[in-house]
Amino acid sequence: MMFRWPSLPVAIALSVVFVALACVPFVLGPYAVKFTTRVVVLAIMVTSLDLLIGITGLVSFGHAAFFALGAYAVYFVSPESLSANALVALAAGAALAALGALVIGVFAMLTRGFYFIMVTLAAGQMVFSMFYDTNIAKGSDGAYVNVKPDLIVGGLTVLDFDNRTQFFYLCLILLATTYAFLLWLVRSRFGRSLQGIRINEQRMRALGYDTYTYRLAVFVIAGAIAGIAGALFASIDGYITPELASWRESGLAIMMVVLGGTGTLYGAVIGAFAYSVLEEILKSASTVGPFISEHWRLWMGLALAVAVLGAPRGLAGLFARKPTAEKASASIDVLHRDFARPARRAQALSTRDLTRYFGGLRAVDGVSLDLKGNLVHAIIGPNGAGKTTFINLLSGELKPNGGRVLIDDIDITGWPPHRVARSGIGRSFQRTNIFPDFSLRENCGLAAEARLPTGAAAERISHALAVAGLRDRADTTAGQLSSGEQRQLEIAMLIASGADLLLLDEPLAGMGPEETQRVVALLRDLARDHTIVLIEHDMDAVFAAADTLTVLVQGRVLAHGAPADVRGNDAVREAYLGEADAA
């Protein structure tokens, strides 16, 4: 399921913890207040990292760089012997870190997986070297903020960062504000898109989402929040060191996220406190003895290993809702037709000498077709004929080496997948391509929201599930569906997206006879307001559903026309159908 609000017990527990922290200055001494302030600031930074790792699926090993940039921003805006304006200092920290995240993100978002980790790690080390090896901010000796920021209004000091109690409460309020903001963000339309990108970025692109821009935007937001945390951290002791940007600090932040539980946001806060408190205890010889305190890193590693093995979902997972198994019904709905769906003109598709080769292999070799609107166009051919490559060229997943692709009279050749999708093309994939952790309603919601406002999307979602015969399963987790039902969900997502030109790559794969018959009827019904390009190996289904038939062999068009004409073509019989099938 998508991100949910914290359960009532968790919300109550978080409120109790917040009140307990608010009482720290009244019941504990100055050192404890300073230590708690430091942990609260780290929690802000770690929570922003969970936005990347747990929500968007971006494992950044350079997040500490933005923390350091925020800290150094306070040094840059602070006069030598005067205090900087507190609001200016925090804004400068957010701005400098956001700028750094933007510059790094522009390049990092071109990569995925392990390569993304390496790019962010390298970028973090570059920031570290910039401050360590140059005199931008006193080099390796570190920089001092001689007078901490304050806020003076009308001659009255409203906020003084040098006042330990005032500063503690400011940090605590900013932690609560950050958590509330991220809760809202993740539950927003933007946040739902980020979760979809984490689960299945390819499908999100095919639905019309510019995933590069989404990933870059969240990277900058997380960097700005880390910058605010860095600005606060610089004001604790008034000392900033290049080590704040090191890979070790980024690694510790990742460790805190994992320890607390990724994807919950409040788990990052738990992880920051758990790690910091445990480290403080293990370092204290008076508490654990000199032997343990001298080798505290060894015992810390052992404790973390035990924690990960004992709570694989993190400490927050111990309090999370238990997933409930949903009963799968024996069969899906029959096709619903209890709603008005007038016929409408769908877009036509044509290609002109479309070509794609891989080295010496010409997978698609000069294909020219005119596929009229509101018809089912089937494309058949033996394995390796170039059918899926042809679909990938139409949908933007691959760029052609030559030729053109046109929707009506619009040339979409070489457009990226999200732009092709926004032009009205929707596609399914050879292997089922959905969001298995989300419900059917959430799957269709992501599809509808790619092109519609949220209010209008709700009606489109209901309509799509009904057309596909899945209305009574709307709240079932998609991963619990049979393979045939998941194929139908893919079609429902395309309907919800508003696409009127559907590219379906083997939609009947994995279906039994009854499901196949139902989907063939669905395809014939969809042709009233859609143009359908169908790749399929089930010849009975192809001849039952198709209005036109194209045979591809070795990337070239062998035959094209009405199914009856193609069936009787001698070249088709020899190359593909065979004498028995043709008869």
Side-chain angles (χ1 to χ4, degrees), residues 6 14 17-18 20-22 24 33-56 60 62-74 86-87 89-98 100-101 148-149 159 161 164 166-186 218-237 240 244-245 249-277 279 316:
L14 291 175
V17 170
F18 181 81
L21 289 174
V24 166
V33 173
K34 182 178 179 180
F35 171 77
T36 308
T37 302
R38 185 185 299 268
V39 179
V40 166
V41 170
L42 285 176
I44 295 174
M45 191 267 274
V46 174
T47 304
S48 71
L49 182 57
D50 193 26
L51 177 65
L52 295 180
I53 296 177
I55 303 301
T56 317
S60 172
H63 202 62
F66 312 130
F67 186 69
L69 287 171
Y72 274 105
V74 177
L87 298 181
L90 293 176
L96 184 59
K148 295 179 183 177
L159 180 62
F161 281 17
R164 188 162 290 172
Q166 282 188 14
F167 185 66
F168 168 77
Y169 283 118
L170 172 67
C171 295
L172 189 61
I173 291 171
L174 286 177
L175 173 60
T177 303
T178 299
Y179 178 66
F181 167 72
L182 292 181
L183 273 182
W184 167 82
L185 183 71
V186 173
V218 74
F219 196 70
V220 172
I221 291 171
I225 296 173
I228 293 174
L232 294 172
F233 192 86
S235 302
I236 296 176
D237 292 319
I240 307 109
L244 290 179
E249 296 301 319
S250 292
L252 285 176
I254 293 175
M255 192 181 301
M256 292 175 185
V257 171
V258 175
L259 177 62
T262 58
T264 61
L265 298 182
Y266 69 84
V269 180
I270 294 174
F273 272 88
Y275 183 91
S276 301
V277 171
E279 179 181 352

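Hydrogens, waters and symmetry mates are skipped; everything else that's a heavy atom, side chains included, is used.
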Check the angle between the aromatic planes of F161 and F167 and answer parallel, tilted or perpendicular using the 30° and 60° thresholds.
-> tilted
State the [atom1]-[atom2] distance between [X] and [Y], to the nearest 0.5 angstrom.
{"X": "M45", "Y": "T178", "atom1": "CE", "atom2": "OG1", "answer": "12.5 Å"}
{"X": "L252", "Y": "L42", "atom1": "CG", "atom2": "CG", "answer": "9.0 Å"}
{"X": "S48", "Y": "Y179", "atom1": "OG", "atom2": "OH", "answer": "15.0 Å"}
{"X": "I44", "Y": "F67", "atom1": "CD1", "atom2": "CZ", "answer": "9.0 Å"}
{"X": "L185", "Y": "I55", "atom1": "CG", "atom2": "CD1", "answer": "9.0 Å"}
{"X": "L265", "Y": "L14", "atom1": "CG", "atom2": "CG", "answer": "10.5 Å"}

Shortest non-hydrogen contact from [X] to [Y]?
{"X": "G271", "Y": "L259", "value": "O-CD2, 4.0 Å"}
{"X": "L159", "Y": "Q166", "value": "CA-OE1, 3.5 Å"}
{"X": "A71", "Y": "A234", "value": "O-CB, 3.6 Å"}
{"X": "V74", "Y": "P149", "value": "CG1-CG, 4.1 Å"}
{"X": "A231", "Y": "A89", "value": "CB-O, 4.0 Å"}
{"X": "S250", "Y": "A64", "value": "OG-N, 3.0 Å"}

Is there a donor-acceptor pair under 3.5 Å between the side chain of [X] and the backbone N or O of [Y]?
{"X": "T47", "Y": "Y266", "value": "no"}
{"X": "D50", "Y": "V257", "value": "no"}
{"X": "S235", "Y": "K148", "value": "no"}
{"X": "T262", "Y": "V258", "value": "no"}

Does some side-chain heavy atom of [Y] sit less than 4.5 Å from a side-chain heavy atom of [X]?
{"X": "V17", "Y": "F273", "result": "no"}
{"X": "D237", "Y": "K34", "result": "yes"}
{"X": "F35", "Y": "V277", "result": "yes"}
{"X": "L232", "Y": "L90", "result": "yes"}

Test side-chain contact (heavy atoms from CB on, under 4.5 Å) applied to F18 and L172, step by step | CA-CA 8 Å; F18 181 81; L172 189 61; 3.5 Å; yes
